Amino acid sequence: MTDRYAVIGNPIAHSKSPRIHALFAAASGQDMTYEALLAPLGGFAATARGFAATGGRGANVTVPFKEEAFRLATRLTGRARAAGAVNTLVFSDNEILGDNTDGAGLVRDLTVNLAVAIGGKRVLLLGAGGAARGVILPLLAECPAELLIANRTAEKAHTLARLFSGSTACSLAKLAGREFDLVINATSAGLTESALPRLSFTYAPNALAYDMVYGKNTDFLRQARAPGARAADGLGMLVEQAAEAFLLWRGIRPETMTVLTALRGT
Ligand code: ATR
């Protein structure tokens, strides 16, 4: 019987995940389907349980349900616990395993696709919401010289820094005069198309500015390009977090570069 997987979110119609997993499955010869499921707000658990009850083997979870998926899981991986959120579920007879592949996807996009070593680098993470929290542990595992979490509301950044030893925190307003090799935008400003405050740090020579949002010329990327920093959006992270989920479900790491090229071409 063909194995069924899905991505659950709200909204979900424009998700690229069905296409990404269809390409992975075709390239690796896996007998599986992957569909997009719209869950009503407040109806995530029922949608996920219903999918599992009708033969679903696993699901990706996207906005706004990652915290609800964390609560639904009966067992959590260490990286899901650290993230406080789940983006990948594995359904079996006796448990619902919750994992989080977002941070691993980001690190793989940075280190493999973009060839940026994180070890020894001065890293600035902008934002202190769920998206930021989800990537801190995998970033720290790469042993940066510094991981500074900066947020408009400083207290939220300090709360995260207390959770993750090895990181430090400040407000966006306190960045003047600082220099970074890698700056990652994990704020939702690009998604909501709201402007960031004027960012006052400087980019080191050969620095990379990375926006976790994809397919948009965000204010963050515009501000980074002005002084000549190399800039990347989060499409590679999307493909790599999907590959990590696929590995968890199927035991095979799919090749990602051709998928990324196909997505960029359309
Ligand atoms: P997500 O799950 O996408 O991280 P979130 O938990 O609502 O969403 O967090 C949004 C993050 O983006 C927060 O760090 C928020 O800053 P505040 O904590 O000060 O609200 C940040 N953010 C959103 N819009 C922003 C903007 N226009 N300028 C600066 N920071 C912004």
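Reckoned from all heavy atoms, side chains included, excluding hydrogens, waters and symmetry mates. Since the structure is predicted, the reported quantities are computational estimates derived from the model, not experimental observations. Order of appearance sets the numbers: ligands from 1, and atoms from 1 within every ligand.
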* **Per-atom contacts of ligand 1 with G127, taking only distances under 4.0 Å to non-hydrogen atoms** => 14 (O)
* **Exercise: identify the closest heavy-atom pair between V116 and R230** => CG2-NH1, 3.6 Å
* Show your working on side-chain contact (heavy atoms from CB on, under 4.5 Å) between L260 and L235 and close with a plain yes or no. => CA-CA 8 Å; L260 194 46; L235 189 64; 3.8 Å; yes
* Any idea which protein heavy atom is nearest atom 17 (P) of ligand 1, and the distance to it? -> T153 OG1, 3.4 Å
* Of the choices K156, R133, E155, which has the non-hydrogen atom that lies closest to atom 18 (O) of ligand 1? -> K156
* Mark up the atoms of ligand 1 that fall under 4.0 Å of a heavy atom belonging to G130, in ascending order. => 1 (P), 2 (O), 4 (O), 6 (O)
* Measure up the F91 and F51 rings against each other and bin them: parallel (under 30°), tilted (30 to 60°), perpendicular (over 60°). => perpendicular
* So which heavy atom in the protein is nearest atom 27 (N) of ligand 1, and how far is it from that ligand atom? -> A195 O, 2.9 Å
* Asked: Where on N151 is there a heavy atom closer than 4.0 Å to ligand 1, on the side chain, on the backbone, on both, or on neither?
  -> side chain
* Nearest candidate to atom 30 (N) of ligand 1, where distance is taken over non-hydrogen atoms, out of R152, E193, M212 -> R152
* To do: Give a yes or no on this: more than 12 heavy atoms of other residues, nucleotides or ligands lie within 6.0 Å of atom CZ of R4.
  => yes
* To do: Would you check, one step at a time, whether the test side-chain hydrogen bond (donor to acceptor under 3.5 Å, both in side chains) holds for N60 with H21?
  => CA-CA 11 Å; N60 284 131; H21 282 278; 3.3 Å; yes
* When you look at CZ of R253, are more than 12 heavy atoms from neighbouring residues, nucleotides or ligands closer to it than 6.0 Å? -> yes
* Give the residue, atom name and distance (to 0.1 Å) of the protein heavy atom nearest atom 21 (C) of ligand 1. => T187 CB, 3.7 Å
* If you measure from CD on E142 to CG on L137, what distance do you get to the nearest 0.5 Å? -> 11.0 Å
* What protein heavy atom sits nearest atom 29 (C) of ligand 1, and how far off is it? -> L196 CD2, 3.6 Å
* Give the residue and atom name of whichever protein heavy atom lies nearest to atom 7 (O) of ligand 1, and the separation in Å to one decimal. => S188 OG, 4.7 Å
* Criterion salt bridge (Lys or Arg N to Asp or Glu O under 4.0 Å) against D99, the qualifying member of R79, K66, R81 -> R79
* For ligand 1, is there an atom lying under 4.0 Å from some heavy atom of P64? -> no
* Nearest protein heavy-atom contact for atom 5 (P) of ligand 1: which residue, which atom, what distance? -> G129 CA, 4.0 Å
* Considering only heavy atoms of P197, which atoms of ligand 1 have at least one such atom less than 4.0 Å away? -> 28 (N), 29 (C)
* To do: Could you tell me if the ring centre of F246 sits under 6.0 Å from that of F24?
  => yes
